[in-house]
Amino acid sequence: MTLELYIDELSPPCRSVLLFCEANVILYEKNILNIVKGRSNKVFWCLKGSTCGDTWSETFYQINPQNKVPAIKDILFCLGESVAILKYLAAKYNTVDHWYPQDLQKRARVDEYLAWHHGNTRKDVAFLYWTEVVIPIVSGTEINQQRLENAVTAFKATLDRVENTYSIFLKDQKFLCGDDITLADIMAVPELLQLTTSGRDIAPDTPKINVWIERVRSRLQPFFDQIHTPIYKMRRNILKTSHCQ
């Protein structure tokens, strides 16, 4: 039976799982869940603690009682959480070693980034994304400039920890954890690209980050751009709306 994916393509962790499946020619059935609602041609996000969206259906509850995407169903086995899913798929499909190396120390370095990601890259991207995009759209208010300044400062600090000479990650390597792409890169880059929806230049002062992002993007073509089409479309719509105001 074909692997079943449950995703929202506007979610960075969902796009990470999609990218991994495409890169490793893993056959899957894609089930799109709508956790984003449209109101008056605007993007409306279900706020934390609410129970709107397809992830709160009784059907999806049987797949993931946490009501979150991504999730997978592999015959009778269901699994949530993007990192757990990626590791499971790497093991089940015996993917090329560079994704999640068998070498203990190389694997530990990938695991180190994956553990670091949600409390740093993802947290600071989310803070900035909600401040600059989600809250103004949902509330119909102007961007809180003090909050935006704080969010940008936190995000820049995270980028610095990713790429500077003293970092344990990118440094002068081609990819986050070495000279070949891993699960770390496939988690990080879709997350960072979320910020482009506002027209933001992710790393104007850190060309090393931009070169790395482009390297990952090129490595994963043509499906990288195909999977990120909803993000590119959202960016065009937001910029078009802002220019009309």
Side-chain angles (χ1 to χ4, degrees), residues 3 5 7 9 11-28 69-72 74 79-126 155 158-195 202-203 206-228 231:
L3 177 75
L5 302 186
I7 62 164
E9 292 173 318
S11 160
C14 290
R15 296 198 301 274
S16 295
V17 172
L18 280 172
L19 283 170
F20 186 74
C21 288
E22 290 289 344
N24 291 281
V25 198
I26 297 172
L27 298 179
Y28 61 88
V69 289
I72 65 170
D74 188 10
L79 185 65
E81 296 298 327
S82 54
V83 171
I85 291 169
L86 290 171
K87 291 181 180 181
Y88 173 80
L89 295 178
K92 171 165 183 175
Y93 292 94
N94 192 26
T95 56
V96 181
D97 188 69
H98 64 78
W99 287 109
Y100 195 47
Q102 291 298 314
D103 179 274
L104 181 62
Q105 294 183 358
K106 291 180 179 179
R107 174 172 288 202
R109 190 64 76 200
V110 175
D111 282 333
E112 183 176 26
Y113 177 80
L114 295 175
W116 188 84
H117 175 84
H118 279 78
N120 294 274
T121 308
R122 181 156 174 75
K123 173 179 70 67
D124 291 326
V125 166
F155 175 66
T158 288
L159 282 188
D160 186 58
R161 289 194 295 273
V162 167
E163 65 90 28
N164 70 41
T165 305
Y166 304 102
S167 169
I168 55 177
F169 300 123
L170 189 57
K171 298 181 289 190
D172 294 321
Q173 304 172 139
K174 291 182 178 180
F175 297 93
L176 279 181
C177 298
D179 290 329
D180 211 339
I181 194 169
T182 69
L183 298 184
D185 303 284
I186 217 168
M187 280 297 297
V189 170
E191 194 73 52
L192 294 173
L193 285 188
Q194 197 79 0
L195 295 178
I202 298 172
T206 51
K208 189 187 301 183
I209 291 286
N210 290 319
V211 170
W212 160 63
I213 290 173
E214 183 56 33
R215 184 177 292 123
V216 172
R217 178 176 175 272
S218 297
R219 178 71 175 268
L220 298 176
Q221 293 293 27
F223 39 85
F224 186 95
D225 282 342
Q226 294 169 359
I227 288 169
H228 282 85
I231 290 299

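Since we're looking at a predicted model, the values are computed, not measured.
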Seminar exercise, completed: Rounded to the nearest 0.5 Å, the CZ atom of R219 sits from the CG atom of D180 at a distance of 4.5 Å

Exercise. Mind checking whether T121 and Y113 have side chains closer than 4.5 Å, heavy atoms only?
Worked result: yes

Problem set entry | Beyond-backbone contact of L3 with K92, side-chain heavy atoms, under 4.5 angstrom | no

Exercise. What are the two closest non-hydrogen atoms of C177 and V110, and how far apart are they?
Worked result: SG-CA, 3.9 Å

For this session: Check the pair I231, R15 against side chain to side chain contact (heavy atoms under 4.5 Å, CB included), reporting the backbone distance first and the verdict last.
Result: CA-CA 10 Å; I231 290 299; R15 296 198 301 274; 3.4 Å; yes

Exercise. For atom CD of E22, is the number of surrounding heavy atoms from other residues, nucleotides or ligands below 6.0 Å larger than 12?
Worked result: yes

Seminar exercise, completed: Nearest heavy-atom approach of A84 to L79 is O-CD2, 3.7 Å

Exercise. Can you list the steps and then say if L86 with V17 is a side chain to side chain contact (heavy atoms under 4.5 Å, CB included)?
Worked result: CA-CA 6 Å; L86 290 171; V17 172; 4.3 Å; yes

Exercise. Could you give the distance from CG (N210) to CG (L192), rounded to the nearest 0.5 Å?
Worked result: 10.0 Å

For this session: Any chance you could measure F224, atom CZ, to L193, atom CG, to the nearest 0.5 Å?
Result: 4.5 Å

Seminar exercise, completed: Taking every heavy atom of T95 against every heavy atom of L89, the minimum-distance pair comes out as CG2-O, 4.2 Å

Seminar exercise, completed: To the nearest 0.5 Å, atom OG of S16 lies from atom CD1 of I7 at 11.0 Å

Seminar exercise, completed: Correct closest heavy-atom pair for K123 and G119 would be CE-O, 2.9 Å

For this session: To the nearest 0.5 angstrom, please state how far the CD1 atom of I26 sits from the CG atom of L5.
Result: 9.0 Å

Problem set entry | R161 and T158: side chain donor to acceptor below 3.5 Å | yes

For this session: Would you check if the side chain of N120 reaches a backbone N or O of W116 as a donor-acceptor pair within less than 3.5 Å?
Result: yes

For this session: Would you mind reporting whether F20 and M187 have side-chain heavy atoms less than 4.5 Å apart?
Result: no

For this session: Go through the steps for Q173 and S167 under the test side chain to side chain contact (heavy atoms under 4.5 Å, CB included), then give the verdict.
Result: CA-CA 11 Å; Q173 304 172 139; S167 169; over 6 Å; no

Exercise. Do you know which two heavy atoms are closest between I202 and F155, and how far apart they sit?
Worked result: O-CE2, 3.4 Å

Exercise. Can you tell if the side chain of E163 reaches within under 4.5 Å of the side chain of F169, non-hydrogen atoms only?
Worked result: no

For this session: Find the distance between CD1 (I227) and CG (L18) and round it off to the nearest 0.5 Å.
Result: 5.0 Å

Exercise. Is any side-chain heavy atom of W212 less than 4.5 Å from a side-chain heavy atom of L176?
Worked result: yes

For this session: Might you confirm whether atom CD of Q221 has over 12 heavy atoms from other residues, nucleotides or ligands at distances under 6.0 Å?
Result: yes

Problem set entry | Results of side-chain contact (heavy atoms from CB on, under 4.5 Å) for I168 - residues two or more places apart only | R109, E112

Exercise. Which pair of heavy atoms, one from H117 and one from A188, lies closest together, and at what distance?
Worked result: CE1-CA, 3.9 Å

For this session: Could you tell me whether a side-chain N or O of R215 sits under 3.5 Å from a main-chain N or O of K174, the two making a donor and an acceptor?
Result: yes

Problem set entry | D97 side chain vs Q102 backbone, donor-acceptor pair below 3.5 Å | yes

Exercise. Taking only residues two or more places apart in sequence or in another chain, which ones pass ring pair (Phe, Tyr, Trp, His ring centres under 6.0 Å) with F223?
Worked result: none

For this session: Would you check if the side chain of D225 reaches a backbone N or O of P222 as a donor-acceptor pair within less than 3.5 Å?
Result: no

